[in-house]
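Notes follow the structure.
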Amino acid sequence: TASDIASGKGEISKSLEDALRAQININFPSDIEVLNGASQFLITRETIDDVAGSDGNFKITADAEMRILGFKEADLMAAFGSKLQADSGATLQLDDHAIDYGEPRVDFVSGSMSSAITFKSTWNREFDPRGFKKSVLGKSNAELKVTVLGLQGIKSGSVKLWPFWVKSAPSSESKVK
């Protein structure tokens, strides 16, 4: 019947889509980000032999394809970092981030996709702790304050030596914490 054929078409379509998605999950590179809605499933050929056999069954065969548009999130992060560093003029390192993608607009014909992105991040200036330790060895409290406040990006701060009778930083790097 027509409803049996419609049901069979639905079943073969679901089976093919599930099989293609399973293959993609297994074989797709793990560094590629695929947004929800950035895939397209198409039945490319369908043949229905609606003449039922002696057992009352009929035959449906189909071919399908799945198109997916994705991107490397690392490339997106690198682009954000390059833009931020160019705008700030500083060498920065990504400390923490969160990305929310909007609904993608996908054009499978041209192979393009666009999406709104909300990107929240924390970036830090590069800092060489070992080099800093070496730069403060043997300095007085006043010299230490000048050194600390001279670091790029530091607007205010204080220096405290302990115990109270100590008047300068140690001369040994192993004693500077």
Side-chain angles (χ1 to χ4, degrees), residues 10 12-45 62-137 139 143-162 169-170 172-177:
I12 199 165
S13 176
K14 179 164 179 19
S15 293
L16 286 171
E17 185 171 4
D18 289 347
L20 286 172
R21 287 196 187 279
Q23 283 297 313
I24 288 166
N25 286 337
I26 292 168
N27 297 320
F28 212 68
S30 61
D31 63 338
I32 302 294
E33 182 75 28
V34 178
L35 303 181
N36 289 334
S39 63
Q40 179 183 55
F41 173 76
L42 299 167
I43 298 286
T44 57
R45 186 180 63 79
D63 293 336
E65 70 178 33
M66 182 163 287
R67 298 176 182 177
I68 296 174
L69 283 177
F71 58 94
K72 289 185 177 182
E73 194 169 80
D75 292 347
L76 180 64
M77 299 299 296
F80 284 144
S82 294
K83 172 75 170 130
L84 183 62
Q85 290 188 52
D87 290 350
S88 70
T91 302
L92 303 171
Q93 294 176 325
L94 180 63
D95 182 44
D96 187 30
H97 75 283
I99 301 176
D100 287 321
Y101 299 101
E103 190 68 30
R105 290 171 300 286
V106 181
D107 182 348
F108 288 101
V109 174
S110 68
S112 65
M113 175 176 59
S114 62
S115 175
I117 299 172
T118 302
F119 181 67
K120 296 179 182 179
S121 62
T122 304
W123 296 78
N124 296 317
R125 294 180 191 270
E126 286 188 346
F127 179 72
D128 176 15
R130 191 157 191 214
F132 180 74
K133 273 185 179 184
K134 287 182 179 183
S135 74
V136 298
L137 295 177
K139 290 191 174 183
E143 292 171 316
L144 289 170
K145 189 167 186 173
V146 168
T147 301
V148 169
L149 294 176
L151 293 172
Q152 189 176 16
I154 302 293
K155 293 182 181 177
S156 66
S158 64
V159 174
K160 293 183 181 174
L161 299 173
W162 182 87
S172 170
E173 188 178 337
S174 65
K175 293 185 177 185
V176 176
K177 302 291 180 207

Apply salt bridge (Lys or Arg N to Asp or Glu O under 4.0 Å) to [X] and list each qualifying residue two or more places apart in sequence or on a separate chain.
X: Lys155; result: none
X: Lys139; result: none
X: Arg67; result: Glu65
X: Asp96; result: none

Return the minimal non-hydrogen interatomic distance between [X] and [Y], and the atom names on each side.
X: Leu149; Y: Gly157; value: CD2-N, 3.6 Å
X: Ala38; Y: Pro104; value: N-CG, 4.3 Å
X: Met113; Y: Phe71; value: CE-CD2, 3.7 Å
X: Ala62; Y: Ile12; value: N-CD1, 3.8 Å
X: Arg105; Y: Ala116; value: NH2-N, 4.4 Å
X: Val148; Y: Val159; value: CG2-CG2, 4.1 Å

Residues two or more places apart in sequence or in another chain: which of them pass side chain to side chain contact (heavy atoms under 4.5 Å, CB included) with [X]?
X: Lys175; value: Pro170, Ser172
X: Asp95; value: Thr122, Asn124
X: Asp107; value: Val109, Ser110, Ser112
X: Phe41; value: Ser13, Leu16, Glu17, Leu20, Ile43, Ala64, Met66

[atom1]/[X] to [atom2]/[Y] distance, rounded to the nearest 0.5 angstrom?
X: Lys133; Y: Asp128; atom1: NZ; atom2: CG; answer: 11.0 Å
X: Arg125; Y: Leu92; atom1: CZ; atom2: CG; answer: 6.5 Å
X: Ile24; Y: Ile32; atom1: CD1; atom2: CD1; answer: 13.0 Å
X: Leu76; Y: Ile99; atom1: CG; atom2: CD1; answer: 5.5 Å
X: Thr147; Y: Glu143; atom1: OG1; atom2: CD; answer: 7.0 Å

Would you list the pairs meeting side chain to side chain donor-acceptor pair (under 3.5 Å) in which at least one residue belongs to residues 70-82, sequence neighbours left out?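 The answer is Glu73-Tyr101.
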Please list all pairs passing the side chain to side chain donor-acceptor pair (under 3.5 Å) test where one or both residues lie in residues 26-36, with sequence neighbours left out.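 Matches after skipping sequence neighbours: Gln23-Asn27.
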In terms of heavy-atom contacts, does CZ of Arg130 have more than 12 from other residues, nucleotides or ligands at under 6.0 Å?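 Result for CZ/Arg130: open.
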Which pairs count as ring-ring contact (aromatic ring centres under 6.0 Å, His included) when at least one residue sits in residues 75-99, sequence neighbours excluded?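 Residue pairs passing ring-ring contact (aromatic ring centres under 6.0 Å, His included), neighbours aside: Phe80-Phe119.
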I'd like to check the ring-ring contact (aromatic ring centres under 6.0 Å, His included) partners of Phe127; sequence neighbours left out, ordered by chain and number.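 Applying ring-ring contact (aromatic ring centres under 6.0 Å, His included) to Phe127 gives Phe132.
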Would a distance-only check, ignoring hydrogens and angles, find a side-chain to backbone donor-acceptor pair under 3.5 Å from Ser115 to Gly102?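 The answer is yes, because a donor-acceptor pair under 3.5 Å joins these two groups.
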